[in-house]
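Please see the structure below; I have some questions.
Here, residue 1 is the first one in the sequence, and each next residue gets the next number. Computed over heavy atoms, backbone and side chain alike; hydrogens, waters and symmetry mates excluded.
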Amino acid sequence: MPNWSAIEASFLHLTQPQQLGELASSLAHLKFWVQSSGCNQVIPVLLHESLLYLSLIQQNSEIYNVELNQLQDCDFTPCVTKF
(Lines give C-alpha, C1' and ligand atoms only; values in the text may rest on other atoms or scores of the structure.)
Protein backbone atom coordinates (compact mmCIF):
# COMPACT_ATOMS: atom_id res chain seq x y z
CA MET A 1 0.00 0.00 0.00
CA PRO A 2 1.31 3.49 -0.80
CA ASN A 3 2.67 5.80 1.88
CA TRP A 4 -0.14 8.37 1.75
CA SER A 5 1.62 10.75 4.15
CA ALA A 6 4.66 10.92 1.87
CA ILE A 7 2.46 11.37 -1.19
CA GLU A 8 0.57 14.19 0.53
CA ALA A 9 3.76 15.94 1.67
CA SER A 10 5.24 15.74 -1.82
CA PHE A 11 2.01 16.94 -3.43
CA LEU A 12 1.74 19.97 -1.14
CA HIS A 13 5.16 21.22 -2.30
CA LEU A 14 3.94 21.51 -5.89
CA THR A 15 2.46 24.60 -7.50
CA GLN A 16 -1.26 24.51 -8.27
CA PRO A 17 -0.68 23.87 -12.00
CA GLN A 18 1.62 20.98 -11.06
CA GLN A 19 -0.99 19.66 -8.62
CA LEU A 20 -3.62 19.74 -11.35
CA GLY A 21 -1.17 17.89 -13.61
CA GLU A 22 -0.71 15.20 -10.95
CA LEU A 23 -4.47 14.85 -10.64
CA ALA A 24 -4.85 14.59 -14.42
CA SER A 25 -2.09 11.98 -14.50
CA SER A 26 -3.74 9.98 -11.74
CA LEU A 27 -7.07 10.04 -13.55
CA ALA A 28 -5.39 9.04 -16.83
CA HIS A 29 -3.80 6.07 -15.06
CA LEU A 30 -7.19 5.16 -13.66
CA LYS A 31 -8.76 5.26 -17.13
CA PHE A 32 -5.99 3.05 -18.49
CA TRP A 33 -6.35 0.46 -15.72
CA VAL A 34 -10.14 0.41 -16.02
CA GLN A 35 -9.85 -0.25 -19.75
CA SER A 36 -7.22 -2.97 -19.37
CA SER A 37 -7.88 -6.35 -17.91
CA GLY A 38 -6.24 -8.30 -15.12
CA CYS A 39 -5.00 -5.40 -12.97
CA ASN A 40 -8.10 -4.46 -11.04
CA GLN A 41 -6.44 -4.33 -7.61
CA VAL A 42 -4.81 -1.01 -8.54
CA ILE A 43 -8.12 0.75 -9.21
CA PRO A 44 -9.01 1.43 -5.53
CA VAL A 45 -5.49 2.82 -4.97
CA LEU A 46 -5.83 5.19 -7.94
CA LEU A 47 -9.27 6.30 -6.78
CA HIS A 48 -7.88 6.99 -3.31
CA GLU A 49 -4.96 8.92 -4.80
CA SER A 50 -7.25 11.02 -6.99
CA LEU A 51 -9.57 11.82 -4.09
CA LEU A 52 -6.57 12.76 -1.94
CA TYR A 53 -5.35 15.14 -4.65
CA LEU A 54 -8.82 16.67 -4.97
CA SER A 55 -9.00 17.22 -1.23
CA LEU A 56 -5.56 18.84 -1.10
CA ILE A 57 -6.26 21.09 -4.08
CA GLN A 58 -9.54 22.15 -2.52
CA GLN A 59 -7.87 23.04 0.79
CA ASN A 60 -5.48 25.37 -0.99
CA SER A 61 -7.87 26.96 -3.45
CA GLU A 62 -11.09 28.87 -3.25
CA ILE A 63 -11.87 28.45 -6.93
CA TYR A 64 -13.75 25.48 -8.31
CA ASN A 65 -14.91 24.38 -4.85
CA VAL A 66 -18.36 23.44 -6.09
CA GLU A 67 -16.91 21.29 -8.87
CA LEU A 68 -14.36 19.69 -6.56
CA ASN A 69 -17.05 18.90 -4.00
CA GLN A 70 -19.11 17.21 -6.67
CA LEU A 71 -16.16 15.03 -7.69
CA GLN A 72 -15.43 14.09 -4.09
CA ASP A 73 -19.09 13.21 -3.49
CA CYS A 74 -19.15 10.73 -6.39
CA ASP A 75 -19.82 7.19 -5.28
CA PHE A 76 -17.16 5.03 -6.87
CA THR A 77 -18.17 1.93 -4.90
CA PRO A 78 -20.05 0.26 -7.79
CA CYS A 79 -17.02 0.75 -10.04
CA VAL A 80 -14.61 -0.70 -7.50
CA THR A 81 -16.74 -3.61 -6.34
CA LYS A 82 -17.51 -4.85 -9.83
CA PHE A 83 -13.82 -5.69 -10.25
Side-chain angles (χ1 to χ4, degrees):
M1 201 57 155
N3 181 340
W4 295 112
S5 296
I7 292 171
E8 181 176 341
S10 174
F11 186 82
L12 290 173
H13 283 94
L14 301 174
T15 65
Q16 187 172 23
Q18 291 172 321
Q19 290 177 344
L20 292 171
E22 286 294 317
L23 175 58
S25 175
S26 179
L27 293 172
H29 284 114
L30 178 60
K31 180 180 178 182
F32 170 80
W33 287 110
V34 166
Q35 292 174 340
S36 66
S37 61
C39 297
N40 298 324
Q41 69 274 8
V42 78
I43 293 171
V45 173
L46 291 171
L47 282 173
H48 185 94
E49 180 182 64
S50 296
L51 291 173
L52 172 65
Y53 290 166
L54 283 169
S55 174
L56 295 172
I57 290 169
Q58 185 179 25
Q59 289 174 19
N60 295 314
S61 175
E62 294 181 18
I63 58 171
Y64 308 121
N65 277 343
V66 172
E67 292 86 351
L68 292 174
N69 281 335
Q70 289 172 343
L71 284 172
Q72 286 178 301
D73 291 340
C74 288
D75 182 11
F76 294 107
T77 305
C79 296
V80 174
T81 56
K82 77 175 189 178
F83 296 107

> From Leu12 CG over to Ile7 CD1, what is the distance, rounded to the nearest 0.5 angstrom?
Replying inline: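 With rounding to 0.5 Å, CG (Leu12) is 12.0 Å from CD1 (Ile7).
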> In terms of heavy-atom contacts, does NE2 of His29 have more than 12 from other residues, nucleotides or ligands at under 6.0 Å?
Replying inline: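 At most 12 heavy atoms, drawn from other residues, nucleotides or ligands, come within 6.0 Å of this atom.
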>> Using the side chain to side chain contact (heavy atoms under 4.5 Å, CB included) criterion, which residues pair with Ser5? Sequence neighbours excluded.
In response: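 By the side chain to side chain contact (heavy atoms under 4.5 Å, CB included) rule, Ser5 matches Asn3.
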> Where is the tightest heavy-atom contact between Leu23 and Ser50, given as atom of each residue plus distance?
Replying inline: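 Smallest heavy-atom distance, with atoms named: CD1-O, 3.7 Å.
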>> Looking at every non-hydrogen atom in both residues, tell me the closest pair between Pro2 and Val45 and how far apart they are.
In response: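 Nearest pair, atom of Pro2 first, then Val45: CG-CG1, 3.6 Å.
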> Between Ile57, Leu54, Leu56, which is the residue that forms a side-chain contact (heavy atoms from CB on, under 4.5 Å) with Gln19?
Replying inline: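 For Gln19, the side-chain contact (heavy atoms from CB on, under 4.5 Å) test succeeds with only one of Ile57, Leu54, Leu56, which is Ile57.
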>> Please enumerate all residues that pass side chain to side chain contact (heavy atoms under 4.5 Å, CB included) together with Glu49, with sequence neighbours excluded.
In response: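 Side chain to side chain contact (heavy atoms under 4.5 Å, CB included) check on Glu49 returns Trp4, Ser26, Leu46, Tyr53.
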>> How long is the straight-line distance from CG of Leu52 back to CG of Leu47, given to the nearest 0.5 Å?
In response: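 Rounded to the nearest 0.5 Å, the CG-CG separation comes to 12.5 Å.
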> Can you name the residues that form a side-chain hydrogen bond (donor to acceptor under 3.5 Å, both in side chains) with Gln18, not counting sequence neighbours?
Replying inline: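 Here the qualifying residues are Thr15.
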> Which atoms form the tightest heavy-atom contact between Leu14 and Glu22, and what is the distance?
Replying inline: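 Smallest interatomic distance, heavy atoms only, reads CD1-CG, 3.6 Å.
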